[in-house]
Amino acid sequence: MSSLLVDLVLLGLTYVVLIYFVATLTKARLDGGRNNSGDDGDGGIEDYTPPKIDLPPGVVWPSDVDKRKKDKTPVNF
């Protein structure tokens, strides 16, 4: 065998061993979070309400428009 072939085989084996170790260490770190019952660790109070966005004057959200009141005045552009 030539030395180039031996070097390539050793390089391939080293690559496989390194990938194996990286995969097992990463899996151990990701699986370590199963014991905390889904707590992501950020703390604080959970607030799921959407933020109130300050809109410019005259702009309203479609959900805030009163559907019972119909504005009969024509709009001129």
Ignoring hydrogens and geometry, is there a side-chain-to-backbone donor-acceptor pair from Thr26 to Ala23 under 3.5 Å?
-> no

Flag yes if Ile53 and Val59 sit in one hydrophobic cluster, no otherwise; membership is Ile, Leu, Val, Met, Phe, Trp, Tyr, and two members link when side-chain heavy atoms are under 4.5 Å apart.
-> yes

To the nearest 0.5 Å, how far apart are OG1 in Thr14 and CG in Asp7?
-> 10.0 Å

Would Leu4 and Leu10 show up in the same hydrophobic cluster when neighbours are defined by side-chain heavy atoms closer than 4.5 Å?
-> no

Kindly write out the residues that satisfy side chain to side chain donor-acceptor pair (under 3.5 Å) with Ser3, not counting sequence neighbours, or none if the list is empty.
-> none

With side chains defined as the heavy atoms from C-beta onward, is the minimum distance between Tyr15 and Ile19 less than 4.5 Å?
-> yes

